[in-house]
Amino acid sequence: MTTFNGASASLGTALSGLPRCAVLSRGRGGEPRLLVDAPAGSAEIYLFGAHLTAWTPRGGKPVLFLSRQAVFDGATGIRGGVPLCLPWFGAGPQGTSRPRHGWARTMTWRLRSVQTTAEGGAVALLTLEHDSLAVMYEVEVGQTLRLSLSLRNTGSSPRLVEAALHSYLAVHDVTACQVTGLEGAEYTEGSVSGQVQVGPLQVRGPVDRVYRSSGTVRVTDPGGSRTIVVEGLGSPTTVVWNPWSGSAKGMADLADDEFPRFLCVETAAARQDAPVLEPGQTWSLGARLYTESL
Ligand SMILES: O=P(O)(O)OC[C@H]1O[C@@H](O)[C@H](O)[C@@H](O)[C@@H]1O
């Protein structure tokens, strides 16, 4: 297997072992990033955070939102795309863990390989070993986006792990969107737990809900003439988030007019549904995203 170390790769020179549809170069802020331009779709993945910042299925429009004020300084989590939250979600089970959403999104991962797929796409494999966890992350780019996270507890004691594939879905107007697939699911918002989703979700204000749901979520966006479908694999939790205007004002990496342009639908395992991994145990979480025309 070809190994590329994102921190030390000589990015100015041609690298052997990458298929013709993939280039590893320096992106914004001089950060190493993989560009994929395959027959079935294109994408951009920063090694910092193994952060997918763009995915466009061939013939379609970009599916992921990226803030025009996103920071690429190799220290700040990137606002948009698909941040990878691990090994805790938010401030973690005790509410005291830092950095928010875990260390995985602010560490530089190793790009291990890029391979083409029979469907005209490409799959990138990234890895990270830290804090007694060995993590593998596969990003398969094509007409469909497949994200597969797999981790092993390399420590000697059981540990609770939270994870989220925090996708920022690009929409024309979040207030016009209809979100289905969560009906009947129990959720927590803020400190209020035990609430139940009645009917489709419509976002007309700030939303930050942690659903106990593994169902497929469909975001129908009439202005974008499409439905974005998010299917979780091995994911007991779905988080839906939009900061709305009030919180957006306090976020330096999100412009004031951007909050209506995205909805986060996060494929996750968090809170009471987070797994406890025994020493040596492997666990995985995945998501499949695709669009349907209206
Ligand atoms: O600003 P961050 O750390 O990227 O987090 C963004 C949001 O991420 C969501 O997953 C959380 O549910 C929100 O509470 C949080 O505000």
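We count ligands from 1, going down the list as the structure has it; atoms in each ligand are counted the same way. Worth saying up front: this structure is predicted, and the values here are computed from it rather than measured.
With a heavy-atom cut-off of 4.0 Å, Met251 does not touch ligand 1 at all. At a heavy-atom distance under 4.0 Å, no atom of Arg209 approaches ligand 1.
Counting protein heavy atoms only, atom 13 (C) of ligand 1 is closest to Asp208 OD2, 3.3 Å. Protein heavy atom nearest atom 6 (C) of ligand 1, with residue, atom name and distance: Trp241 CH2, 3.6 Å. Looking at atom 3 (O) of ligand 1, its nearest protein heavy atom turns out to be Arg105 NH2, 2.8 Å. Arg100 NH2, 3.2 Å is the protein heavy atom nearest to atom 15 (C) of ligand 1. The nearest heavy-atom contact from the protein to atom 1 (O) of ligand 1 is Arg79 NH2, 3.0 Å.
Distances below 4.0 Å separate heavy atoms of Glu266 from the following atoms of ligand 1: 9 (C), 10 (O). Interface atoms of ligand 1 facing His166, defined by a heavy-atom separation under 4.0 Å, are 7 (C), 8 (O), 9 (C), 10 (O).
Taking 4.0 Å as the cut-off between side-chain N and carboxylate O, Asp73 and Arg28 do not count as a salt-bridged pair. Salt bridge absent: Arg146 and Glu138 never bring a charged side-chain N and a carboxylate O closer than 4.0 Å. Between Asp37 and Arg58, at least one side-chain nitrogen of the basic residue sits less than 4.0 Å from a carboxylate oxygen of the acidic one, meeting the salt-bridge criterion. Classification of Arg159 and Glu278 as a salt-bridged pair fails, no side-chain N sitting under 4.0 Å from a carboxylate O.
Between Trp103 and His130, the two ring planes are perpendicular [angle over 60°; tilted spans 30° to 60°]. Between His101 and Phe89, the angle of the ring planes lies from 30° to 60°, which puts this pair in the tilted group.
Considering backbone and side-chain atoms alike, Tyr168 places every N or O at 3.5 Å or more from each N or O of ligand 1.
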* side chain to side chain donor-acceptor pair (under 3.5 Å) between Glu231 and Thr216, worked out -> CA-CA 5 Å; Glu231 278 178 22; Thr216 296; 4.7 Å; no
